[in-house]
Visitor: 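After the structure tokens below, expect a handful of questions from me.
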Amino acid sequence: MFNKSDISRNECQLFGAQARLGYDWWWHSFTARDVESGEVKPFFFEFFVCNPENGQDEPVLGQLPENQKKGIRPSYLMVKAGSWGKDSGQLHRFFGWTGVKVDFSKKTGYSVSAGDCFVSETESYGSVVVKDSSSHPEWMCDDGSMQWNLKIRKMVAFNVGYGASSLLRKLQLFEMFWHAEGMKTEYEGTVFWNGRKYIVTPEESYGYADKNWGKGFTTPWVWLSSCNLTSEITGKKLQDSVFDIGGGRPKVGPIVLDRKLLSAFWYEGRPFEFNFSKFWTLCRTKFHAYETDSEIVWHVDQRTLTSRMVSDFTCRKEDMLLVNYESPDGKRRHTRLWNGGNGQGTVCLYHRGKLLDRIHAENIGCEYGEYDANSPYLISR
């Protein structure tokens, strides 16, 4: 079943060739409340490791002009932290590999630490302070500061199954892997964003935790998830529900699987999965994502032999960020990767041809981007 926990997939997957040309990241997003104003604001942090076998005492930044000219690949731990909405931003702090510790235990799971930054299955704390970023485009970020100290409780997993199994991880067949150990996660603690204090409570955190790893990214890139859900039919809050949608155009070796998404809806304790790798379910997917002048729009329609999930979401661009990453080879392929935490919309869930529920979703974590149309890295359609 898709909600089966598997913390082994959260272990750092960079070994062999992928340790020389690969990335692995642990992503967390949640909502907090301003202590003074009561304003609700979404935040995120991420621990992103890149090419550890090429590591040095100092971080190697792939976007430095001299490194670009010499073809030197990036190598570092990047701690990314930030916020969406008003006073938004993304902040990056880089560590060289001699100052990074990555561990894994079958009992307690993974941990990554460097300086005063730490993340594990059950807690995270850290700080990122950036000044004069405009003079350092190689940092790929904004000015600002964020400190956090959080307890983490992962409630529901999205285990994509065989697609990220031990065998396929060892073979490193996919260009980009995904596992959401905490597609519904409760956070508790404090955040300081540019000097303002925010409180994070389990019941209002609407949290999410996953990881991606591989040799490259996907285009298009789609991610949509929320656990702040209300039935439009009954008006009741869905306390034991969450959905997660992700993918785009998976690449298995040289083979491109066009427009594939993996999705799961944990609906009040009932599992509904739409997973193309489980071929016996005859999963079919149609999706459309695009930009308007003011919004990003997603429409996703997925079906199996027994179920259907139709999703329509929007997020205002003013509430989103164009998030920045460089690939392990030092190229920046995504220059318009929209990322937000304030999406909203509707999911219609059907079972055996009948409408089970029409659900209003808020605080949607959302992402959409494609390589530039003229990019030499664009995968043929």
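Computed from heavy atoms alone, side chains included, the values below leave out hydrogens, waters and symmetry copies.
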Visitor: Rounded to the nearest 0.5 Å, how far does NZ of K184 lie from OG of S226?
Guide: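 Answer rounded to 0.5 Å: 10.0 Å.
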Visitor: Under 4.0 Å between a side-chain nitrogen and a carboxylate oxygen: does that hold for E175 and K215?
Guide: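 A salt bridge is absent here (no side-chain N lies under 4.0 Å from a carboxylate O).
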Visitor: Indicate, with yes or no, if the rings of F43 and Y198 have centres closer together than 6.0 Å.
Guide: yes
Visitor: Between the side chains of N159 and R9, is a donor N or O closer than 3.5 angstrom to an acceptor N or O?
Guide: yes
Visitor: Would you mind checking if E370 and R336 are paired as a salt bridge, meaning a charged N to carboxylate O distance below 4.0 Å?
Guide: no
Visitor: side-chain contact (heavy atoms from CB on, under 4.5 Å) with L229: which of N363, D240, L238, V347?
Guide: L238
Visitor: Would a distance-only check, ignoring hydrogens and angles, find a side-chain to backbone donor-acceptor pair under 3.5 Å from R284 to L282?
Guide: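 Flag set: sc R284 to bb L282 pair under 3.5 Å.
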Visitor: With a 6.0 Å cut-off on the ring centroids, do W213 and Y23 count as close?
Guide: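 Ring centres of Y23 and W213 not closer than 6.0 Å.
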Visitor: With the threshold set at 4.0 Å, does a side-chain nitrogen-carboxylate oxygen contact exist between D24 and K211?
Guide: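 A salt bridge links D24 with K211.
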Visitor: Assess the pair H351 and F272: is the distance between their ring centroids shorter than 6.0 Å?
Guide: yes
Visitor: Got more than 12 heavy atoms from elsewhere within 6.0 Å of NZ, K354?
Guide: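 No, the 6.0 Å shell around NZ holds no more than 12 heavy atoms from other groups.
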Visitor: Is it true that F44 and W84 have ring centroids separated by less than 6.0 Å?
Guide: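 Yes, ring centres under 6.0 Å apart.
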Visitor: Between H334 and Y371, is the ring centroid distance below 6.0 Å?
Guide: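 Yes, ring centres under 6.0 Å apart.
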Visitor: Flag the pair D103 and K101 as a salt bridge only when some basic side-chain nitrogen lies within less than 4.0 angstrom of an acidic carboxylate oxygen.
Guide: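 Yes, this pair counts.
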Visitor: Evaluate salt bridge (charged side-chain N to carboxylate O under 4.0 Å, His left out) for K151 paired with E188, printing each intermediate quantity in order.
Guide: CA-CA 5 Å; K151 299 297 182 184; E188 184 175 14; over 6 Å; no
Visitor: Quick test of your reading of the model: are E121 and K154 salt-bridged, counting only N-O distances below 4.0 Å?
Guide: yes
Visitor: Determine whether the aromatic ring centres of residues Y290 and H288 are separated by less than 6.0 angstrom.
Guide: yes
Visitor: Calculate, to the nearest 0.5 Å, the distance between atoms CZ and CD1 belonging to F243 and I359 respectively.
Guide: 9.0 Å
Visitor: Tell me if the aromatic rings of W27 and F47 count as close, with their centers under 6.0 Å from one another.
Guide: no
Visitor: Salt bridge check: are K278 and E273 linked by an N-O gap of less than 4.0 Å?
Guide: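 Salt bridge present between K278 and E273.
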Visitor: What about Y110 and F104, are their ring centers closer than 6.0 Å?
Guide: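 Not close enough - the centres of the two rings lie 6.0 Å or further apart.
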Visitor: Please report the interatomic distance OH(Y206) to OH(Y187), rounded to the nearest 0.5 Å.
Guide: 15.0 Å
Visitor: Using atom types as modelled and distance alone, determine if a side-chain donor or acceptor of D143 lies under 3.5 Å from a backbone N or O of S133.
Guide: yes
Visitor: Do NZ/NE/NH1/NH2 and the carboxylate oxygens of R358 and E232 come within less than 4.0 Å?
Guide: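 A salt bridge is present here (some side-chain N lies under 4.0 Å from a carboxylate O).
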Visitor: For E291, is the CD atom crowded, meaning more than 12 foreign heavy atoms sit under 6.0 Å from it?
Guide: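 Counting neighbours around CD of E291, more than 12 heavy atoms of other residues, nucleotides or ligands fall under 6.0 Å, so yes.
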Visitor: For T31, does its backbone N or O pair with a side-chain atom of S205 as donor and acceptor, under 3.5 Å?
Guide: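 No, S205 side chain to T31 backbone: no donor-acceptor pair under 3.5 Å.
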Visitor: Return yes if a side-chain donor-acceptor contact under 3.5 Å exists between S311 and W298, otherwise no.
Guide: no
Visitor: Can we say D319 and K317 salt-bridge, meaning some charged N sits less than 4.0 Å from an Asp/Glu carboxylate O?
Guide: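 Not counted as a salt bridge, because no side-chain N and carboxylate O are separated by less than 4.0 Å.
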Visitor: Give a yes or no on this: more than 12 heavy atoms of other residues, nucleotides or ligands lie within 6.0 Å of atom CD of E36.
Guide: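 Counting neighbours around CD of E36, 12 or fewer heavy atoms of other residues, nucleotides or ligands fall under 6.0 Å, so no.
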Visitor: Considering residues at least two apart in sequence or located in another chain, which fulfil the side-chain hydrogen bond (donor to acceptor under 3.5 Å, both in side chains) criterion with W223?
Guide: Y208, D244
Visitor: Can you tell me how far apart CG (L77) and OG (S113) are? Round to the nearest 0.5 Å.
Guide: 9.0 Å
Visitor: Salt-bridge test for R196 and D34: reply yes if a basic N is under 4.0 Å from a carboxylate O, no otherwise.
Guide: yes
Visitor: Starting at CE of M176, measure out to CH2 of W221 and round the result to the nearest 0.5 Å.
Guide: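 Between atom CE of M176 and atom CH2 of W221 there are 4.0 Å.
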Visitor: Salt bridge (charged side-chain N to carboxylate O under 4.0 Å, His left out) for D116 and R93? Distances and angles first, verdict last.
Guide: CA-CA 11 Å; D116 64 347; R93 181 179 179 183; 2.7 Å; yes
Visitor: Side chains of S231 and D357: any donor to acceptor distance under 3.5 Å?
Guide: yes
